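Reviewing the structure listed below.
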Amino acid sequence: MKKVLMVCLGNICRSPLAEGILKSKVNSDNVYVDSAGTSATHQGELPDPRSIEVAHLHGLDITDQRSRPFIKDDFKNFDYIYVMDSSNYSDVVEMASTHQEKAKVKLIMNELNPKQNEQVPDPYYGGEKGFENVYQMLDKACQKIANQLK
Ligand code: 4NP
């Protein structure tokens, strides 16, 4: 069983979409997918209504998800940790205890476009269009990740 963790700041906008999209592209017998936030501000909350809506428009239901903070044990429990932007990257890597743990952390868009360090923009303070843009970016990256996991 391979285990993948998607991480953003609040775990209510971007990483819940990444979790839902990747789950839809892999066999759950072989790949476990979860998500978390570097901040605990929204702990226990449903994904943002705009993320729920854009997922729904693309045929995905993400309303089983609840926000939770990233914890140090996640380094032990997951094989791949995908972050959305460089701020998430610094926050997560700062919690790593070993080089091996640090090496598990990757910017998700680098899977699609290696070494470009492209950021998945935080859509929280923008409109619906930002959420569709995030969905399209994550859909492409998750397709690549799903193919790699096969
Ligand atoms: P996310 O978006 O990191 O994609 O879940 C955000 C959600 C909440 C906040 C910021 C970003 N916030 O400041 O509360």
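Both counts, for ligands and for their atoms, begin at 1 and track the order of listing. Fair warning: this is a prediction, and the values are worked out from it, not measured in the lab.
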*Just by distance, do the side chain of Ser15 and the backbone of Val7 share a donor-acceptor pair under 3.5 Å?*
no

*For residues Asn88 and Asp85, is any side-chain donor paired with an opposing acceptor at under 3.5 Å?*
yes

*How about Ser97 and Lys72: does a side-chain donor come under 3.5 Å of a side-chain acceptor?*
yes

In residues 123-134, what donor-acceptor pairs under 3.5 Å come from side-chain atoms, sequence neighbours left out?
residue: Glu132; atom: OE1; partner: His58; partner atom: NE2; Å: 2.9
residue: Glu132; atom: OE2; partner: His58; partner atom: NE2; Å: 3.3
residue: Glu132; atom: OE2; partner: Gln136; partner atom: NE2; Å: 2.6

*Under 4.0 Å, heavy atoms only, figure out whether ligand 1 is touched by the backbone of Asn11, its side chain, both or neither.*
backbone

_Short N or O distance, Arg14 and ligand 1, threshold 3.5 Å exclusive_ = yes

*What's the shortest distance from atom 9 (C) of ligand 1 to any protein heavy atom, and which residue and atom give it?*
Tyr124 CD2, 3.6 Å

*Considering only heavy atoms, does Tyr125 approach ligand 1 within less than 4.0 Å through its side chain, its backbone, both, or neither?*
side chain

*What are the atoms of ligand 1, with element, lying closer than 4.0 Å to any heavy atom of Ile12?*
5 (O), 7 (C), 8 (C)

*asked:* Would Met95 and Thr38 count as a side chain to side chain contact (heavy atoms under 4.5 Å, CB included) here? Give the steps.
replied: CA-CA 10 Å; Met95 291 170 72; Thr38 57; over 6 Å; no

*Give the contacting part of Asp122 toward ligand 1: side chain, backbone, both or neither, where contact means a heavy-atom distance below 4.0 Å.*
side chain

_Within 6.0 angstrom of Gln148 CD, more than 12 heavy atoms from elsewhere_ = yes

*asked:* Any atom of ligand 1 sitting under 4.0 Å from a heavy atom of Thr41?
replied: no

_Please state which option from Leu9, Asn88, Asp48 has its nearest heavy atom closest to atom 10 (C) of ligand 1._
Leu9

*Non-hydrogen atoms of His42 versus ligand 1: any pair closer than 4.0 Å?*
yes

*Do the side-chain N and O atoms of Asn147 and Gln143 include a donor-acceptor pair separated by under 3.5 angstrom?*
yes

_Centroid-centroid distance, Tyr82 to Tyr89, less than 6.0 Å_ = no

*Ignoring hydrogens, just give me the one of Cys13, Pro16, Ala18 whose non-hydrogen atom is nearest atom 5 (O) of ligand 1.*
Cys13

_Distance under 4.0 Å to a non-hydrogen atom of Gly10: what atoms of ligand 1 satisfy this?_
1 (P), 3 (O), 5 (O)

*Identify the closest protein heavy atom to atom 1 (P) of ligand 1: which residue and atom is it, and at what distance?*
Cys8 SG, 3.4 Å

